[in-house]
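One structure is given below, encoded as structure tokens.
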Amino acid sequence: MTLDIRGSLKNTKLSHNPYVVLEELISNSIDSFLIRKASDGSVNDMRIAVEVRFSPGDLVGGTEMMTISCRDNGCGLGDEQLAAFLTKDTSYKDDLEITGIGQCKGAGRIQYFHHFAAVSLETTFMMEGRRKFRFVKFHEPKKQLDYDDFITSESAEGEVGTLITLDELKDSVRHKIFEDERLSEFFSAKRLRHRTLVAFVQRLVSLAGRLGDFQVSFKTDHWKEGSETDSAPKTCPR
């Protein structure tokens, strides 16, 4: 199984939505939790934690670098989920008889590679009653992502779920999408919370009974101003 990154970038247009990667990360985390809940009756409450870290991109601090990470308590990337991740035009989610799960579009995660030069993934999942850990890190100029790039090991510890980290925002995206404005203004915790509520309020309301006492939290770390946190409501707005 191989995901052709270079070919996918060529055939999938860059989204000009500045929050596209955030929305894709959260949407996939919701789907992952629903998949886990369908098979694991012991998990009740969805947890998603988004963190954005800023650092100086030059000596005078005029340019900001940005890293986005998203951690969830979904099902993790077992073999079925990994196969879907490595298949651009996948129908994996379409075949799951799970109420509320998102439809496969196939190209959403390609925006990760459009926007960032480095993508890493850490995931803990259950397979045949055993807990396993899987890790991969992609960095340009690598042209593809293979099944064998993922390192899988037995894991006696760690919560089931996934951490995805996007690093090294590309200069071309910075100029086209953000027009050289300060990234810390686009991605403040309060603005991320507002954007998430606007983008997902209908879905969160419709899934209120399935997501439990859910929480979506946001944290931003700035090398000058310290950190800022905010959260979407633990219960759906009515």
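Between H114 and V21 there is no side-chain heavy-atom pair separated by less than 4.5 Å. Side-chain contact between L192 and L22 is present, with at least one heavy-atom pair separated by less than 4.5 Å. For the pair K170/V173, a side-chain contact is recorded, criterion being any heavy-atom separation below 4.5 Å from C-beta on. In this structure, the side chains of I177 and N17 stay at 4.5 Å or more apart for every pair of heavy atoms. L145 places none of its side-chain heavy atoms less than 4.5 Å from the side chain of T2. Looking at heavy atoms from C-beta onward, F214 lies out of side-chain contact with L207 at the 4.5 angstrom threshold. When side chains are defined from C-beta on, E157 does not count as touching T124, because their heavy atoms never get closer than 4.5 Å.
The two residues L82 and R134 make their nearest non-hydrogen contact at CD2-NH1, 3.6 Å. Taking both residues in full, the closest heavy atoms of V43 and N73 are given as CG2-ND2, 4.2 Å, listed atom of the first, atom of the second, then distance.
By the neighbour-count criterion of 12 heavy atoms within 6.0 Å, atom CD of E159 is sparsely surrounded, having that number or fewer from other residues, nucleotides or ligands. When the shell of 6.0 Å around NZ of K13 is examined, it contains 12 or fewer heavy atoms from other residues, nucleotides or ligands. Atom NE2 of H139 is surrounded by more than 12 heavy atoms from other residues, nucleotides or ligands within 6.0 Å. Other residues, nucleotides and ligands place more than 12 heavy atoms under 6.0 Å from the CZ atom of R174.
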Start with the C-alpha gap between F218 and F187, add the side-chain angles, then the distance that decides, and say whether ring pair (Phe, Tyr, Trp, His ring centres under 6.0 Å) holds. CA-CA 10 Å; F218 305 94; F187 292 92; over 10 Å; no
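Under a hydrophobic clustering in which Ile, Leu, Val, Met, Phe, Trp and Tyr are joined whenever their side-chain heavy atoms come within less than 4.5 Å, directly or via other members, Y147 and L77 fall into the same cluster. Put simply, M126 and F85 are part of two different groups of oily side chains (I, L, V, M, F, W, Y) that touch within less than 4.5 Å, one to the next.
Scored by the ring pair (Phe, Tyr, Trp, His ring centres under 6.0 Å) test, F200 finds no partners at all (sequence neighbours excluded).
Ring pair F186/F178: centre-to-centre distance below 6.0 Å.
No donor-acceptor pair under 3.5 Å is formed between the side chain of T12 and the backbone N or O of L9.
Side-chain contact annotation: S69 with T165, donor-acceptor N/O pair under 3.5 Å absent.
The cationic atom of R131 (NZ for Lys, CZ for Arg) does not lie both less than 6.0 Å from the six-membered ring centre of F125 and within 45° of the ring axis.
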